[in-house]
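Heads up: the structure comes next, in C-alpha cells.
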Amino acid sequence: LIGSVVIGVIMNVILSGMLIKVISKKYVDEPIKTSDYSSIVKLILPLLALGILQGVVIFAGSLLLVIPGIILSMGLLLSAHVMVIEKRGIVDSLYRSWNLTKGYKWSMFGFWFVVGGLISGGILIVGELILRQVLMSASIGNLDTFFMLYVVIRHFIVALVTPILVSVLVVVFFNLKVDKEGFNLE
C-alpha cells in the first residue's frame with residue numbers, strides 16, 4: 001500500500017512537470033521538443049524536494065493558525081511552475097513564487113477556492129460516489145484488495161484533475177508575469 005502511494009506521488013510529479021512544460025510552451029507559442037520531456041526526468045528529485053519543503057513550510061504556517069497557512073500556500077502555489085518554466089532551484093523557486101504572488105494572494109485564494117474547489121471537489125465527489133458503489137457491490141473479502149482498488153481509483157481521479165489544475169496555474173503564472181513584470185506573450 002505504501003509503495004503504491006509513493007509510486008503515485010512520483011507519477012503525479014512527473015505528470016505535473018510534463019504538463020507544466022508542455023502547456024507553458026503552447027501558451028507562449030513555442031515548439032515542443034522531445035528534449036522537453038526528458039528534461040522533466042532530471043527534475044523529478046528537485047520537484048519532489050520542492051514539494052516536501054513547500055509542504056513543511058505550509059504545514060508550519062498552518063500550525064500557527066489557518067490564515068498563515070492559506071497565505072503561505074497561495075504564495076508558494078506557483079513554485080513548481082517557476083522551477084519548470086524558469087529553470088530555477090528549489091529555494092529560489094519558493095522565493096520567486098512568493099514574490100510573484102505578492103499583492104495577489106487573497107485574490108488567488110478566492111480564484112483557487114472557486115476553480116480548484118469546483119473542479120477537484122466535483123470530480124472527487126463523483127469519484128468517491130462511484131468508488132463506494134463499486135466497493136459496496138463487489139464482494140471483496142480481502143482488506144488489502146479493497147485498499148489497493150481504492151488507491152488505484154483515487155490515482156485515476158487525481159490523473160483526471162491534475163491536467164485541469166496545472167493548466168489553470170500556467171495561465172495564472174503568465175498573467176502574473178504580464179501584470180507584475182510586463183512580460184510580453186507575443
Side-chain angles (χ1 to χ4, degrees), residues 4-55 58 70 73-88 90 93-94 96-97 100-101 104-105 107-132 134 148-179 183 185:
S4 66
V5 171
V6 170
I7 289 170
V9 168
I10 292 169
M11 293 306 294
N12 194 36
V13 166
I14 295 169
L15 173 65
S16 296
M18 286 184 177
L19 286 169
I20 291 168
K21 183 68 124 180
V22 169
I23 294 167
S24 65
K25 285 204 156 215
K26 288 305 257 177
Y27 193 75
V28 296
D29 204 25
E30 289 181 11
I32 300 166
K33 303 175 203 151
T34 308
S35 61
D36 292 330
Y37 297 106
S38 61
S39 69
I40 296 303
V41 174
K42 296 174 190 166
L43 287 177
I44 292 173
L45 290 178
L47 282 168
L48 283 171
L50 175 69
I52 291 168
L53 185 56
Q54 185 177 357
I58 293 168
I70 292 171
S73 65
M74 292 300 104
L76 303 178
L77 188 61
L78 300 174
S79 298
H81 290 70
V82 169
M83 179 179 275
V84 172
I85 296 167
E86 296 185 352
K87 299 177 181 141
R88 295 185 184 231
I90 296 167
S93 294
L94 293 169
R96 171 74 169 137
S97 177
L100 196 58
T101 58
Y104 290 86
K105 289 176 183 68
S107 59
M108 284 181 61
F109 174 71
F111 178 74
W112 191 246
F113 184 78
V114 171
V115 172
L118 288 175
I119 294 170
S120 298
I123 291 175
L124 288 173
I125 288 170
V126 169
E128 288 291 327
L129 292 173
I130 292 169
L131 176 62
R132 288 189 180 157
V134 167
M148 187 56 76
L149 181 60
Y150 179 79
V151 168
V152 167
I153 292 173
R154 291 285 275 157
H155 287 313
F156 178 74
I157 293 168
V158 168
L160 289 176
V161 172
T162 299
I164 299 166
L165 297 180
V166 167
S167 300
V168 168
L169 287 178
V170 166
V171 173
V172 168
F173 173 82
F174 282 110
N175 282 346
L176 286 174
K177 283 183 62 104
V178 168
D179 286 351
F183 181 78
L185 288 172

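Numbers here simply count residues along the sequence, with the first being 1.
Surrounding CZ of F183 are more than 12 heavy atoms belonging to other residues, nucleotides or ligands, all under 6.0 Å away.
Within the model, atoms CG of L78 and CG of L169 stand 6.0 Å from one another, a figure rounded to the nearest 0.5 Å. To the nearest 0.5 Å, atom OG of residue S16 and atom CG of residue L43 are 12.5 Å apart. How far OG of S24 is from CG of D36: 8.5 Å, rounded to the nearest 0.5 Å. Taking NZ of K21 as the start and NZ of K87 as the end, the distance is 4.5 Å to the nearest 0.5 Å. We find the CG-OG distance between L100 and S93 to be 11.5 Å, quoted to the nearest 0.5 Å. Considering OH of Y104 and CG of L77, their distance stands at 15.5 Å, rounded to 0.5 Å.
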*side-chain contact (heavy atoms from CB on, under 4.5 Å) assessment of M108 paired with L176*: CA-CA 10 Å; M108 284 181 61; L176 286 174; 4.0 Å; yes

*Test side-chain contact (heavy atoms from CB on, under 4.5 Å) on I70 and K105 and set out the steps.*
CA-CA 9 Å; I70 292 171; K105 289 176 183 68; over 6 Å; no

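In this structure the side chain of M74 never reaches within 4.5 angstrom of the side chain of F111, judged on heavy atoms. Proximity of L47 to V84: side-chain heavy atoms (C-beta onward) are separated by under 4.5 Å at one or more points.
Nearest approach of S167 to I23, heavy atoms of both residues: OG-CD1, 3.1 Å. A pairwise comparison of heavy atoms in L94 and S79 identifies CD2-OG, 3.4 Å as the closest pair.
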